[in-house]
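Data first, discussion second: the structure below is written as structure tokens.
Letters go in sequence order (proteins before strands), and every chain restarts at 1. Just so it is clear, the structure is predicted and the values come from calculations on it, not from any experiment.
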Amino acid sequence: MQEHYEPAAVERAAQDYWTEQRCFNTVEDPSRPKYYCLCMYPYPSGRLHMGHVRNYTIGDVLTRFMRMRGYNVLQPMGWDAFGLPAENAAMANGLPPAQWTRENIAHMKRQFQSLGFAFDWQRELATCDPSYYRWNQWLFLRMLERGIAYQNTGIVNWDPIDQTVLANEQVIDGRGWRTGALVEKREIPMYYLRITAYAEELLQALQALPGWPERVRVMQANWIGRSEGVEIAFPYAPDAAALLGAAGALKVFTTRADTLFGVTFMAVSAEHPLAAAAAARDPALAEFVEQCRRGSTMEADLATAEKRGHSTGLHVCHPLTGQQVPVWVANYVLMAYGEGALMGVPAHDERDFEFAARYQLPVQTVVVPDAGAAPPASGQFTEYGVTVNSAAYSGLSSTQAITAIAAALKAQGLGQPRVQWRLRDWGISRQRYWGCPIPLIHCPGCGTVPVPDEQLPVVLPENLVPDGTGNPLNRAKDFLQCECPRCGGAARRETDTMDTFVDSSWYFLRFACADQQAAAVDERVNYWLPVDQYIGGIEHAILHLLYSRFWTRVMRDLKLISLSEPFSNLLTQGMVLNHIYFQQGNDGRRVYVKPADVSSKTDAQGRRTATVSLLDGTPVSYGGLGTMSKSKNNGVDPQSLVDSYGADTARLFMMFASPPEQTLEWSEDGVQGQQRFLRRLWKAVYDHGRAPARATVPLAKWSDEALRLRRQAHQTLAKVTVDIGRRRTFNTAIAAVMELLNSVSRSSGEHAGELQARHEALEIAVLALAPIVPHICHTLWQALGHERAIIDEPWPEPDPAALQQDTVEMVVQVNGKLRGKVRVPAGAEEPVALELALAEPAVRRFLADQPPRKVVYVRGKLLNLVV
RNA sequence: GGCCUCGUGGCGGAACUGGUAGACGCAGUCGACUCAAAAUCGACCGGGCUUGCCCAUCUCGGUUCGACUCCGAGCGAGGCCACCA
């Protein structure tokens, strides 16, 4: 063994061993319990960033830990390889997205390998490979057959100059990011997946996911958004019936049927048929509807927009009083929720109140806080209370009134209770090139025809370079022109591609059988799934995780798999933050300075007093902590970290700096501290190897010092087992091993028992750290005299005998305050403990000769005397 | 606006089920080694004073023998959703 720790050589040796021995090639083995550990696969953007390193280190530690615990562990890796950034890079470099993507994959794969992650590369997949996306197409066709996929029109952001559809993030202040043109809303045909058909199940099943963080479940529940309410029909008054040429009714949905008698107007969305009909004969109204159409599709803008409206001049009849109510078109009514229309109750709804105030519509109070109470002076009361001015329904609680009014409406055929969901169907069409082609053909004679299964995959041409003006597939004749599968005539291929969330909705299933050419999935899915531990960023809490839960259920209903929930346990790791520094530029804008180019001065207590630029010595302002980003110039390239300190130090820092769910603060000093620890560990093993135990002596002859070290070693082992295995607090596990190493370094006895105790403590330290820093442990394990590689060692069990103690330290409190510590026999009864406690001078002093009024005893731990 | 999470030394954090507040690490101070520095090793490291006690976990209340932990109110920070009728 070398005297000095050289990470590069150590890491190469370990990685070569794992590769030669094919340690991470996984096969199904029914004789062992399986463990499927999965990290969210990355987008191949070019280089790994710190967030990746953190994410994949967490997964790798759990993988290696569970492997040592005897599980057959699968940890696959793949590439979320379709998507917009490849098109943007293509425009910037003139390279086809395919080439750019594949080069990135090759580079990132090398980076993964240099970090020593235990991935089974046999199962690698990239979503841009036809062997993967053909099954997207196949599954889409099955959904189409069952009506789970369907066509409808959808509204998109349209850039009129580039003649292209923009993603929401490409719309900046209402203008196209490239052209600066005002973005329009356009209605185009799109394909949707009927996720709403699964709303109830997706919501209910959240309760049966104890392995998911509470806040992710809450976020999904809010997103699905179940509301119980009443659907109410307001029959057309003669003017509306005349315009529309038929009798009928305006339907609304409300959760507050108890406020029905407070309706003073009706409001419909600008896209509502009634609005269109009224606009046809009213140019001013038509202009207002057009304005709404042009407005931003960004929901955040809508929320802050002023409430505006325009009267239709039409009326409907109140279903219970028959009174005529005017109908307005209002910009705050969403076509996609409920009926695209609402009943306006200004007295009991904030938004209706604001609208009514603007257009001087009456406010009619029908609910008061308590029986006999006056309405609030503001005229607004939005909570539940007691009904008034509501004819036969006055004097009821809001809940009672809702039930009674719903029943009355139902009896007249004018309404019924109903559940309304916030969740909408998932539009999967993207008017983009770099994605999975939707397998449809448009025939002038037969209409839209599905591509027959035997013609799958519809292969995406890989040689196109987008230029920002529309989808290049529309100009690719070889792709575009085809035969109609039904009539054989000339036809045109669909050029829309699928949302990349489709790719990620089932890739975790495909890993179980990535080599299967004849089907999307096979029986191996039933061996590996569900994913036992899924790890990724909180930003996927809603969309990716909800779509995956939906897609898994669809595949279940297609009888392809037998599970409903894909991910049993979910860990959402926190973001990696770094300090932000800036200087004021000449034009008054902030110029961000790299943290590495900044030097901080501190006072005697270590507080930061001033920061200056290392480049020119000028003062620098501190901008707090933020996620690593190009724009803030505070990113740190993981590659430079691995190059300077090695993969083990990088991994150890990531795991030690904070618990996995919390944000992690980058610190160069902290990294050096972790390297220091690894050097100390190396040196401890090296020094120990130079004075090996010559003889073995039985435990009975060990010194107290040796037994104490042995106890601590086994306590550490027990703690690390719980911290990694159950609590997932890798930081405290590492801290415990650090304490153990501190004790080893302090112990100096040269007797055989003491040497043995140190040997055992070092073995336990190395085994306990093996999942976290596998390379150094590979070498140290050999240095401790083992033939078998540590990767194949089982996780050790703590020896209960080592944990046993004859006497334990007991805390003595007087009135709940610590007043002394005494050693008592382990498991001592209360009288014994009390007698020993009363012998303590400090305790006696605080008792001041009074007998304790009450004694609280926690066996072997604590004694509280109350006087 | 709604929902959620979190407030502990100079900093990251620990205290797992209500039981010794500040483990472990970073930064800092002092010392050893060195011609010197780096590295390494050792000691100290929340505040106060009367040196064995008092005060300290955002603030104010409450429950309890005992509260960082539970409950109520407030303040502050962050996240998600956002005109969802």
* Asked: Starting at the 5' end of RNA chain B and moving along, which residue's nearest nucleotide shows up first, Tyr332(A) or Ala735(A)?
  ->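 The 5'-side residue here is Ala735(A).
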
* Closest-nucleotide ordering on RNA chain B, the 5'-leading residue of Glu350(A) and Asn815(A) ->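 Taking each residue's closest nucleotide, the earlier one in sequence belongs to Glu350(A).
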
[N] - base-pair partner by Watson-Crick or wobble geometry, distances under 3.5 Å:
N	value
U64(B)	none
G2(B)	C80(B)
A36(B)	none
A56(B)	none
C30(B)	G42(B)

* Check for a donor-acceptor pair, side chain of Asn331(A) on one end and backbone N or O of Arg308(A) on the other, with a separation under 3.5 Å. =>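 Here the side-chain-to-backbone pair exists.
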
* Give a yes or no answer on whether the side chain of Arg728(A) reaches the backbone of Gly725(A) with a donor-acceptor pair at less than 3.5 Å. =>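 Pair found, side chain donor or acceptor close to backbone of Gly725(A).
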
Among all residues two or more places apart in sequence or in another chain, which pass the side-chain contact (heavy atoms from CB on, under 4.5 Å) test with [X]?
X	result
Ile195(A)	Leu202(A), Leu423(A), Asp425(A), Trp426(A), Leu546(A), Tyr547(A), Phe550(A)
Thr663(A)	Leu577(A)
Ala713(A)	Leu740(A), Ala761(A), Ile764(A)
Ser390(A)	Phe261(A), Val366(A), Thr387(A), Tyr393(A), Ser394(A)

* To do: Find out whether the Lys NZ or Arg CZ of Lys307(A) is both under 6.0 angstrom from the six-membered ring centre of Tyr332(A) and within 45° of the ring's axis.
  =>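 Verdict for Tyr332(A): a cation-pi partner in Lys307(A).
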
Checking contacts here: which listed nucleotide ([options]) is nearest the side-chain heavy atoms of [X]?
X	options	result
Gln674(A)	A85(B), G25(B), G79(B)	G25(B)
Lys821(A)	C26(B), U20(B), A85(B)	U20(B)
Leu342(A)	A85(B), C3(B), G12(B)	A85(B)
Asp669(A)	A21(B), C26(B), C83(B)	C26(B)
Thr254(A)	A85(B), C80(B), G12(B)	A85(B)

* **Gap between atoms CG and P, on Asn222(A) and U5(B) respectively (whole Å)** =>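 That distance rounds to 12 Å.
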
* Asked: C24(B) P sits how many Å from Leu741(A) CG, rounded?
  ->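 So the two atoms are 13 Å apart, to the nearest Å.
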
Between the protein and nucleotides 53-56 of chain B, which nitrogen or oxygen pairs come in under 3.5 angstrom?
from   : atom 1 : to        : atom 2 : distance (Å)
C53(B) : OP1    : Arg845(A) : NE     : 3.3
C53(B) : OP1    : Arg845(A) : NH2    : 2.7
C53(B) : OP2    : Arg845(A) : NH2    : 3.1
C54(B) : OP1    : Arg819(A) : NH2    : 3.3
C54(B) : OP2    : Arg819(A) : NH1    : 3.1
C55(B) : OP2    : Lys817(A) : NZ     : 3.1

Touch class at under 4.0 angstrom, heavy-atom based, for [X] against every strand present:
X	answer
Trp223(A)	sugar-phosphate
Val811(A)	base
Ile734(A)	nothing
Gly673(A)	sugar-phosphate
Val333(A)	base

* To do: Would you indicate whether Glu350(A), at its atom CD, is surrounded by more than 12 heavy atoms from other residues, nucleotides or ligands within a distance under 6.0 Å?
  =>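 For Glu350(A), atom CD is not crowded (no more than 12 foreign heavy atoms under 6.0 Å).
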
Holding to side chain to side chain donor-acceptor pair (under 3.5 Å), I want the full list of residues that pass it with [X], two or more places apart in sequence or in another chain.
X	result
Arg844(A)	none
Asn731(A)	none
Asp648(A)	His775(A)

For residues 857-866 of chain A, which side-chain N or O atoms pair as donor and acceptor with protein atoms under 3.5 Å away, sequence neighbours left out?
from      : atom 1 : to        : atom 2 : distance (Å)
Tyr857(A) : OH     : Ala828(A) : O      : 2.7
Tyr857(A) : OH     : Gly860(A) : N      : 3.1
Arg859(A) : NH1    : Gly827(A) : O      : 3.1
Arg859(A) : NH1    : Glu829(A) : OE2    : 3.2
Asn864(A) : OD1    : Gly816(A) : N      : 2.9

Pairwise N/O distances under 3.5 Å, protein to nucleotides 38-41 of chain B:
from   : atom 1 : to        : atom 2 : distance (Å)
U40(B) : OP1    : Arg679(A) : NH2    : 3.2

List, with names and distances, any nitrogen or oxygen atoms from the protein found under 3.5 Å away from nitrogen or oxygen atoms belonging to nucleotides 14-19 of chain B.
from   : atom 1 : to        : atom 2 : distance (Å)
A14(B) : OP1    : Asn731(A) : ND2    : 3.3
A15(B) : OP1    : Arg727(A) : NH1    : 3.3
A15(B) : OP1    : Arg727(A) : NH2    : 2.6
C16(B) : O2     : Arg726(A) : NH2    : 3.1
C16(B) : N4     : Lys719(A) : NZ     : 3.1
G19(B) : N2     : Gln813(A) : OE1    : 3.3
G19(B) : N2     : Asn864(A) : ND2    : 3.3

Kindly list each side-chain donor-acceptor pair under 3.5 angstrom involving residues 225-234 of chain A, sequence neighbours excluded, with atom names and distances?
from      : atom 1 : to        : atom 2 : distance (Å)
Arg226(A) : NH1    : Glu228(A) : OE2    : 2.7
Glu231(A) : OE1    : Arg418(A) : NH1    : 2.6

